[in-house]
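If you're wondering where the values come from, they're calculated on a predicted model, not measured in any experiment.
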Amino acid sequence: QLQASGGGLVQAGGSLRLSCADSGRTFSIYATGWFRQAPGKEREFVAAITWYGISTYYSDSVKGRFTISRDNAKNTVYLQMNSLKPEDTAVYYCAIKILDGNIWSRDAYNYWGQGTLVTVSS
């Protein structure tokens, strides 16, 4: 079960940290990713991190502002979001990917958590 949390309302330029708690899993995974979906838009890739945290991936729109990390002892993945912009407003979802491959595609992820809403005011 994946549980995303940490969303909220923040002013432009502010920061938020999202958490994705992974509980009850009995199988290994390749990576955990964050996606977001704004109203009227498709769900898009934001960031991903492999299980051992060796590799991280970011969309161009968040690179340099967002940082993904993981604490395997706590089975939790974090998304630190800095310098937030109104266009970052969306529901953010975390997901896990069992196999390697296209880490940017939402279709490659096997399990999804519920979303957490991030609203950035101008």
- Worked verdict on Leu84 versus Leu16 for side chain to side chain contact (heavy atoms under 4.5 Å, CB included): CA-CA 8 Å; Leu84 283 162; Leu16 281 175; 4.2 Å; yes
- Worked verdict on Val77 versus Ile68 for side chain to side chain contact (heavy atoms under 4.5 Å, CB included): CA-CA 7 Å; Val77 171; Ile68 190 169; 3.9 Å; yes
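To the nearest 0.5 Å, atom CD of residue Glu44 and atom CH2 of residue Trp34 are 14.5 Å apart. Between the SG atom of Cys20 and the CD atom of Gln3 there is a distance of 9.0 Å, given to the nearest 0.5 Å. Between atom CD of residue Gln1 and atom OG of residue Ser23 there is a gap of 5.0 Å, rounded to the nearest 0.5 Å.
For the salt bridge (charged side-chain N to carboxylate O under 4.0 Å, His left out) condition, no pair includes a residue of residues 9-18, sequence neighbours left out. The stretch residues 110-122 participates, sequence neighbours left out, in no salt bridge (charged side-chain N to carboxylate O under 4.0 Å, His left out) pair at all.
Taking Gln80 as the reference, Asn82 meet the side-chain hydrogen bond (donor to acceptor under 3.5 Å, both in side chains) condition, with sequence neighbours excluded. Residues satisfying the salt bridge (Lys or Arg N to Asp or Glu O under 4.0 Å) criterion with Asp107, sequence neighbours excluded, are absent altogether. Under the side-chain hydrogen bond (donor to acceptor under 3.5 Å, both in side chains) criterion, Gln114 pairs with no residue at all, not counting sequence neighbours. With sequence neighbours left out, the salt bridge (Lys or Arg N to Asp or Glu O under 4.0 Å) criterion links Arg106 to Glu42. Not counting sequence neighbours, the partners of Ser55 by the side chain to side chain contact (heavy atoms under 4.5 Å, CB included) test are Thr50, Tyr57. Every residue meeting the side chain to side chain contact (heavy atoms under 4.5 Å, CB included) condition with Thr119, not counting sequence neighbours, appears here in chain and number order: Leu9, Thr89, Leu117. For the ring-ring contact (aromatic ring centres under 6.0 Å, His included) test, residues two or more places apart in sequence or in another chain that qualify with Trp112 are Phe35. For Lys74, there are no salt bridge (Lys or Arg N to Asp or Glu O under 4.0 Å) partners two or more places apart in sequence or in a different chain.
Connectivity analysis of hydrophobic side chains (ILVMFWY, heavy atoms under 4.5 Å, direct or indirect) links Tyr78 to nothing; its cluster partners are none.
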Could you give the side-chain donor-acceptor pairs of residues 91-101 under 3.5 Å, partners two or more places apart or in another chain?
residue : atom : partner : partner atom : Å
Tyr92   : OH   : Arg36   : NH1          : 2.9
Tyr92   : OH   : Asp88   : O            : 2.6
Lys97   : NZ   : Leu99   : O            : 2.4
Lys97   : NZ   : Asp100  : O            : 3.1

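For the pair Val46/Tyr58, no side-chain contact is recorded, criterion being any heavy-atom separation below 4.5 Å from C-beta on.
Looking at every heavy atom in both residues, Ala12 comes nearest to Pro86 through CB-CD, 4.1 Å. The heavy-atom pair separating Trp51 from Asn72 by the smallest distance is O-ND2, 2.9 Å. Residue Leu18 comes nearest to Gly7 through the heavy atom pair CD2-N, 3.6 Å, listed as atom of the first residue, atom of the second, then distance.
Put simply, the side chain of Tyr109 gets close to the backbone of Ile103: a donor and an acceptor are under 3.5 Å apart. Within the 3.5 Å criterion, the main-chain N or O of Ser5 finds no donor-acceptor partner in the side chain of Thr116.
Tyr30 is not connected to Tyr52 by any chain of hydrophobic side-chain contacts under 4.5 Å among Ile, Leu, Val, Met, Phe, Trp and Tyr, and they are in different clusters.
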